[in-house]
Amino acid sequence: MGKKNAKKNNAAKLCGKDGFEEYYASIFGDRWQALKEALAGESVYACWNGGGTEPYYLDPASVFAALQLPLEGAEHILDMCAAPGGKTLVISSRMPEDAELVSNERSPARKNRLAQVVQNCLPEEIRNRIKISCSDGAKWCTTQTEVYDRILLDAPCSSERHVLADEKYLSQWSPSRIKTLSMEQWALLSSAYRLLVSGGYLLYSTCALCPAENDGVVSRLFGKFDDAELCFTDSEPAVKENIERFCSLPPLIQLERTEYGFHILPDKSSQCGPIWFTLIHKKAD
């Protein structure tokens, strides 16, 4: 009983503003203060011009991450958690002329925002190859498998930058939020992997700082699926195509390698980020 009570007391201490501070200081150590100040600072934005009637502004780190999904030869693409729509624009603007994109969002309100972004920020010839859907991607694998050759999963996450900016959310924070989100992320990731065809590529990303929502979730994938293969093991991601007609990225994005992927954090990348991402290949049969 003593150990159980001690665990409960420790969990209680790690709640609210003070708990948030202690939790992330334990992860980032002496760096935490500088990172926290960067997170609280003004965000920077890249302007993406997809050929519609208006541009779209999003974090340069998000652009960089979305560019890591290889699109050459792609035919059936899925953006599983697509709202508000920035990464859908990055993908669809560059996808092959015969490719189609399913852009999904489970929240009806956010799906409407996604639809508006697609309508305003893309030309008709691209919009005609995008299907916007509204459902829970975690359940798709119960009715179909091996459908898409490219998948982007930008999963719902702790979004600590937004938590820090809102006293209400900060006061309500607890480690149980991370546990709940990591379970949700695993449901989405395992579903996405089952929807991926043999030989296909899956880009998983979050804007979370904590390893439990990043490396921790991806490690479960490699523990469960023998045909999952990590990309970028011997090299670092880079922008391998000319995107000047769409966007200009700042030159100071710094990649920080983790066990299974890469972090871009604002204290070392000129206020870009945070974002964590990894690219996974399903080995061909």
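- For the pair Leu252/Cys272, no side-chain contact is recorded, criterion being any heavy-atom separation below 4.5 Å from C-beta on.
- Residue Glu124 qualifies as open at atom CD: its count of foreign heavy atoms under 6.0 Å is 12 or below.
- In this pair, Phe225 and Trp186 present their aromatic rings tilted. The plane angle is within the 30 to 60° band.
- A distance of 9.5 Å separates CD1 of Ile151 from CG of Leu69, quoted to the nearest 0.5 Å.
- Residues Leu89 and Leu67 are members of one and the same hydrophobic cluster, defined by side-chain heavy-atom contacts under 4.5 angstrom among Ile, Leu, Val, Met, Phe, Trp and Tyr.
- Taking a 6.0 Å sphere around CG of Asp226, one finds it holds 12 or fewer heavy atoms contributed by other residues, nucleotides or ligands.
- Taking every heavy atom of both residues into account, Ala115 and Ile132 meet most closely at CA-CD1, 3.5 Å.
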Could you go step by step and tell me if Tyr204 and Gln185 meet the side-chain contact (heavy atoms from CB on, under 4.5 Å) rule? CA-CA 10 Å; Tyr204 174 77; Gln185 291 155 354; 3.5 Å; yes
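- Using a 4.5 Å heavy-atom threshold, the side chains of Arg150 and Ile91 count as separate.
- More than 12 heavy-atom neighbours from other residues, nucleotides or ligands sit within 6.0 angstrom of CD on Glu236.
- Between Cys207 and Cys157 the shortest heavy-atom distance is SG-SG, 3.2 Å.
- Rounded to the nearest 0.5 angstrom, Thr88 OG1 and Leu78 CG are separated by 9.0 Å.
- To the nearest 0.5 Å, the span separating NZ on Lys268 from CD on Gln254 amounts to 6.0 Å.
- Of all heavy-atom pairs between His281 and Cys231, the closest is CB-SG, 3.9 Å.
- Between the side chain of Gln271 and the backbone N or O of Glu42 there is at least one donor-acceptor pair closer than 3.5 Å.
- If you check the side chains of Glu213 and Ser158, you find a donor sitting under 3.5 Å from an acceptor.
- The main-chain N or O of Ala82 is never found under 3.5 Å from a side-chain atom of Ser103 such that the two would form a donor-acceptor pair.
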CA sep, side-chain torsions, deciding dist, call: Leu255, Phe232, side-chain contact (heavy atoms from CB on, under 4.5 Å): CA-CA 12 Å; Leu255 297 171; Phe232 300 128; over 6 Å; no
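- Below 30°, between 30° and 60°, or above 60°: for Trp32 and Tyr24 the angle between ring planes is below 30°, a parallel geometry.
- Heavy-atom neighbours of Glu72 CD from other residues, nucleotides or ligands within 6.0 Å: at or below the threshold of 12.
- Heavy-atom contacts from other residues, nucleotides or ligands closer than 6.0 Å to CD of Glu125 number more than 12.
- In this structure a side-chain-to-backbone donor-acceptor pair under 3.5 Å is missing from Lys282 to Asp227.
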Set out, in order, the CA-CA distance, both residues' side-chain angles and the distance that settles side chain to side chain donor-acceptor pair (under 3.5 Å) for Thr53 and Asn120, then state yes or no. CA-CA 6 Å; Thr53 58; Asn120 294 342; 4.6 Å; no
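- One hydrophobic cluster, built from ILVMFWY side chains closer than 4.5 Å, holds both Val218 and Leu196.
- Crowding of Lys224 atom NZ: a count of heavy atoms from other residues, nucleotides or ligands under 6.0 Å not exceeding 12.
- Both Leu203 and Leu58 are part of a single hydrophobic cluster, where members link through side-chain heavy atoms under 4.5 Å apart.
- Side-chain contact between Trp173 and Glu160 is absent, with no heavy atoms from C-beta onward closer than 4.5 Å.
- By the neighbour-count criterion of 12 heavy atoms within 6.0 Å, atom CG of Asp166 is densely surrounded, having more than that number from other residues, nucleotides or ligands.
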Under the side chain to side chain donor-acceptor pair (under 3.5 Å) criterion, do Ser135 and Ser133 qualify, and how do the steps go? CA-CA 6 Å; Ser135 62; Ser133 61; 4.8 Å; no
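- Side-chain heavy atoms closer than 4.5 Å link hydrophobic residues (I, L, V, M, F, W, Y) into clusters, and following such links, even through other members, never connects Trp276 to Leu164.
- Atom-to-atom distance recorded for Arg245:CZ and Arg94:CZ is 8.5 Å, nearest 0.5 angstrom.
- Leu189 and Leu152 sit in two unconnected hydrophobic clusters of ILVMFWY residues. Membership requires side-chain heavy atoms under 4.5 Å apart, directly or through other members.
- Of all heavy-atom pairs spanning Lys87 and Ser205, the tightest one is CE-OG, 4.1 Å.
- Between the Asp267 side chain and the Ala34 main chain, no donor and acceptor come within less than 3.5 Å of each other.
- Phe262 and Ser235 make their closest contact through CZ-O, 4.1 Å (heavy atoms, listed as atom of the first residue, atom of the second, distance).
- Remark: Phe222 CZ is packed, more than 12 non-hydrogen atoms of other residues, nucleotides or ligands lying under 6.0 Å away.
- For the residue pair Val63 and Ala46, the shortest heavy atom distance occurs at CG2-CB, 4.4 Å.
- Remark: side-chain polar atoms of Asp59 are paired, donor with acceptor, to backbone N or O of Gly273 under 3.5 angstrom.
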Working for side-chain contact (heavy atoms from CB on, under 4.5 Å), residues Tyr148 and Val102: CA-CA 9 Å; Tyr148 302 98; Val102 175; 3.8 Å; yes
Carefully, step by step, assess Val117 and Leu122 under the rule side-chain contact (heavy atoms from CB on, under 4.5 Å). CA-CA 8 Å; Val117 167; Leu122 290 170; over 6 Å; no
